[in-house]
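Predicted model, so just to flag it, every value in this text is computed and none were measured. Counting starts at 1 for both ligands and their atoms, in listed order.
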Amino acid sequence: MPELKWWQRGVIYQIYPRSFQDSNGDGIGDLVGIDARLEYVSALGADAVWISPIYPSPMADFGYDVADYCDIDPMFGSLPEFEQLVIHAHHLGLKVLLDFVPNHSSNRHPWFEESRSSRDNPKRDWYLWHDPAPDGGPPNNWLSRMGGSAWEWDEHTGQYYYHAFLPEQPDLNWRNHDVRRAMDGVLRFWLDRGVDGFRVDVLWLLIKDDQFRDNPLNPAYQPGEPEHHRLLQTYTEDQPEVHEIVRSMRATLDDYGDRVLIGEIYLPVTQLMKYYGAAGDGADMPFNFQLLNARWSAATIAGMIRDYDRALPEHAWPNWVLGNHDNPRIASRVGAAQARVAAVLLLTLRGTPTIYYGDEIGMTDGDIERDQVRDPAELRQPGMGQGRDPERTPMQWERSLPNAGFTDGKPWLPVATNSSVREQDGDTSSMLSLYRRLLILRRSHAALVQGTIANVVANGDVLTYERRYRDQSLFIALNFGVECAMVQSRSGVVVLSTSTRRDGEVVAAGTIPLAAGEAIVASV
Ligand code: TEU
Ligand code: CA
């Protein structure tokens, strides 16, 4: 196999900066705090950190409403502190990825303030302005993913502007080449400062239908679902013109060599594959979000692995994700025991894994009281299951300390103390120990990094597959059930199990027992 790139060999660790480590007692995580925890991330065995937005922002959507693409919000720190963090990370052998948010800016960005100032402002066409419909209402039926119409009336210029998310997040017009040039300059600003790549926010939404046609009704819509599910996104997502933009972003990163382009793309696998680019000149890693809300069964996951691997274009590199800052945490979705199975799955499947901060200690969704809710997705559609605060609660470092060591101040979200890094650190049976063992195993077995995956089989509640590279062959078995199961295996030696007592166990050819919620990796 051709020499792998760092992002093919490595493991990415997502840091939600607001919740990782506060260093100045304001209850909000910051860059100095992250910098102080880089040794922890490196010792865990990760190879790169992806930091969610840290740019100047009014924080209407907690940083995904950017008011200056080329600076650091004072709440998180400063550009020199960021540059220091990059130097420190690189010294530790960690790559640094930023979150690029090109689909929309903040309504407080100077670009939008110019654009909204008058109909003939040179930047008017940098955003999507439209006359009202004949009845004076919104131009069409497009809905915001945060609830309500996606059109906001601007009295001053007598037009509406489009926002896929909050009114504070006006969508940029990516059909305008001045926008593309400006955003290319943003990428180069950070690449010049040593950034090793980007996770691109809502890459699949960048282009909207140029005729602004109404989206069709969603026939599968069920009452009680979020409002925007009423419509199919036919004219507001996955438009064919987006791929030339992806190619352009990739070309810019390739100018710098060895940088990674990750796309946040919530699409079915068949549509997702286009984002690798027809000639492999698209995104390096269109995020594979299938595990985020998959039915947690051996049969479902087996089918998912086979279908995804079969759908991958030649030379396309797979990736897997168990969680992120927008979805309920894996340990809350499947429970503590199955979260251990999920860890083995994530770190033994073929392709690059992304670990969401806190999942390595089995963090669960935080309990957020009504008066503690911060997420506009919840505030605008309360009780609809859209809120993301629970998966964004602060990292739990040491539960004997105030706020688990996250902050000396009042944390921006409540900190759970049901577990922490410190107490798991020395416990060989802890989730943290399991993640560390898995990452050591992964790093020491080429079969897990660049091997093939074969014989993906679900037998009852047990999923098995093999990873092979040259003379190395690993057999992975995961019990998704609540009963002990017998698994057919070749002879070998257990090199890792979720219940540590089996490490080193010799496995005779035939059937071996797998306890409920147990997973093993055997060298066969
Ligand atoms: O998310 C895009 C997105 O559509 C999913 O996050 C999810 O469907 C939705 O946000 C749930 O409310 C990206 C960011 O990850 C998210 O945090 C931002 O809120 C959003 O884009 C707007 O930038
Ligand atoms: Ca702080």
Side-chain angles (χ1 to χ4, degrees), residues 14 16-37 50-55 57-66 72-78 81 99-107 143-148 150 163-172 198-206 225-229 233 236-238 262-267 287 289 292-293 321 323-328 354 356 373-382 384-392 394-395 403 406-413:
Q14 181 191 357
Y16 193 69
R18 209 180 173 85
S19 295
F20 200 58
Q21 179 64 63
D22 174 24
S23 71
N24 61 352
D26 65 359
I28 297 168
D30 44 55
L31 295 184
V32 169
I34 293 173
D35 192 79
R37 294 292 185 181
W50 149 33
I51 305 173
S52 283
I54 48 180
Y55 319 104
S57 165
M59 299 296 167
D61 188 19
F62 294 103
Y64 284 95
D65 48 317
V66 179
I72 302 291
D73 191 289
M75 179 183 296
F76 293 122
S78 66
E81 284 171 343
D99 208 315
F100 181 46
V101 189
N103 180 68
H104 44 270
S105 73
S106 164
N107 61 339
L143 295 174
S144 159
R145 290 162 182 267
M146 296 278 197
H163 56 87
F165 293 91
L166 295 172
E168 293 88 343
Q169 295 172 290
D171 280 48
L172 284 149
F198 300 90
R199 171 268 193 187
V200 184
D201 193 59
V202 304
L203 185 60
W204 85 112
L205 302 185
L206 291 191
E225 285 183 4
E227 200 176 353
H228 68 278
H229 289 189
Q233 297 290 327
T236 43
E237 71 175 16
D238 196 26
I262 301 173
E264 182 206 28
I265 303 162
Y266 284 91
L267 284 173
F287 261 151
F289 289 137
L292 286 181
N293 41 37
V321 168
N324 61 34
H325 62 291
D326 294 327
N327 290 276
T354 297
Y356 182 48
V373 170
R374 307 296 301 274
D375 182 11
E378 175 66 24
L379 293 171
R380 288 166 58 95
Q381 298 192 90
M384 303 284 283
Q386 294 299 288
R388 301 164 295 176
D389 294 324
E391 55 263 30
R392 296 174 176 183
M395 183 65 178
N403 305 305
F406 164 68
T407 179
D408 299 336
K410 181 178 182 333
W412 78 285
L413 279 177

| request: Please indicate, with yes or no, if any protein heavy atom is found under 4.0 Å from atom 13 (C) of ligand 1? | output: yes

| query | D65 side chain to S57 main-chain N or O, any donor-acceptor pair under 3.5 Å? | reply | no

| said: So that I can check it, does any N, O or S atom in I28 come closer than 3.0 Å to the Ca ion (ligand 2)? | reply: yes

| request: Just jot down the side-chain hydrogen bond (donor to acceptor under 3.5 Å, both in side chains) partners of D326, sequence neighbours excluded, or say none. | output: R388, R392

| Is a donor on one side and an acceptor on the other found under 3.5 Å between the side chain of E391 and the backbone of N327? | yes

| said: Could you check whether any side-chain N or O of E227 sits under 3.5 Å from a backbone N or O of G148, counting only pairs where one atom can act as donor and the other as acceptor? | reply: yes

| message | Is there a polar contact, in the sense of an N or O pair closer than 3.5 Å, between D201 and ligand 1? | response | yes

| request: Answer yes or no: does atom CG of D26 have more than 12 heavy-atom neighbours from other residues, nucleotides or ligands under 6.0 Å? | output: yes

| message | Can you tell me how the ring of H325 sits relative to the ring of W50, calling it parallel under 30°, perpendicular over 60° and tilted otherwise? | response | perpendicular

| said: With a heavy-atom distance limit of 4.0 Å, tell me whether R380 approaches ligand 1 through its side chain, its backbone, both, or neither. | reply: neither

| request: Return the minimal non-hydrogen interatomic distance between G323 and Y356, and the atom names on each side. | output: O-CB, 3.5 Å

| What atoms of ligand 1 come closer than 4.0 angstrom to any heavy atom of H104? | 22 (C), 23 (O)

| query | Heavy atom under 4.0 Å from ligand 1: found in E378's side chain, backbone, both, or neither? | reply | neither

| task | Under 4.0 Å from a heavy atom of R392: give me the atoms of ligand 1 that qualify, with their elements. | result | 17 (O)

| remark: Nearest non-hydrogen protein atom to atom 15 (O) of ligand 1, with distance, is D326 OD2, 2.4 Å

| said: I need the nearest protein heavy-atom contact for atom 1 (O) of ligand 1: residue, atom name and distance, please. | reply: E264 OE2, 3.0 Å

| task | Determine which of the N, O or S atoms in D22 is closest to the Ca ion (ligand 2) and give its atom name. | result | OD1

| query | Among all protein non-hydrogen atoms, which one is nearest to atom 20 (C) of ligand 1, and what is the separation to 0.1 Å? | reply | F165 CE2, 3.7 Å

| query | Would one find an N or O of W204, backbone or side chain, under 3.5 Å from an N or O of ligand 1? | reply | no

| said: For H228, state whether at least one heavy atom is located under 4.0 Å from any atom of ligand 1. | reply: no

| field | Sidechain N-carboxylate O distance under 4.0 Å for R37, D35 | value | no

| What residue and atom, counting heavy atoms only, is the protein's closest point to atom 10 (O) of ligand 1, and at what distance? | R388 NH1, 3.1 Å

| field | Test item: Q14 side-chain N/O and N324 main-chain N/O as donor-acceptor pair under 3.5 Å | value | no

| message | Between H228 (side chain only) and F165 (backbone N and O only), is there a donor and an acceptor less than 3.5 Å apart? | response | no

| said: Closer than 3.0 Å to the Ca ion (ligand 2): does that hold for any N, O or S atom in M75? | reply: no

| query | Do you know which N/O/S atom name in D26 is closest to the Ca ion (ligand 2)? | reply | OD1

| message | When you measure from atom 8 (O) of ligand 1 to the protein, is at least one non-hydrogen atom found at a distance under 4.0 Å? | response | no

| query | Just by distance, do the side chain of D30 and the backbone of G77 share a donor-acceptor pair under 3.5 Å? | reply | no

| message | Could you tell me, atom by atom, which parts of ligand 1 come under 4.0 Å of a heavy atom of D61? | response | 18 (C), 19 (O), 20 (C), 22 (C), 23 (O)

| Between Q21 (side chain) and G29 (backbone), is there a donor-acceptor pair under 3.5 Å? | no

| task | Considering just N/O/S atoms, say which atom of D30 is closest to the Ca ion (ligand 2). | result | OD2

| Donor-acceptor contact below 3.5 Å, side chain E168 vs main chain D61 | no

| query | Which atoms from ligand 1 have a heavy atom of V202 less than 4.0 Å away? | reply | 2 (C), 13 (C), 21 (O)

| said: With heavy-atom distances below 4.0 Å as the criterion, list the atoms of ligand 1 near R199. | reply: 14 (C), 15 (O)

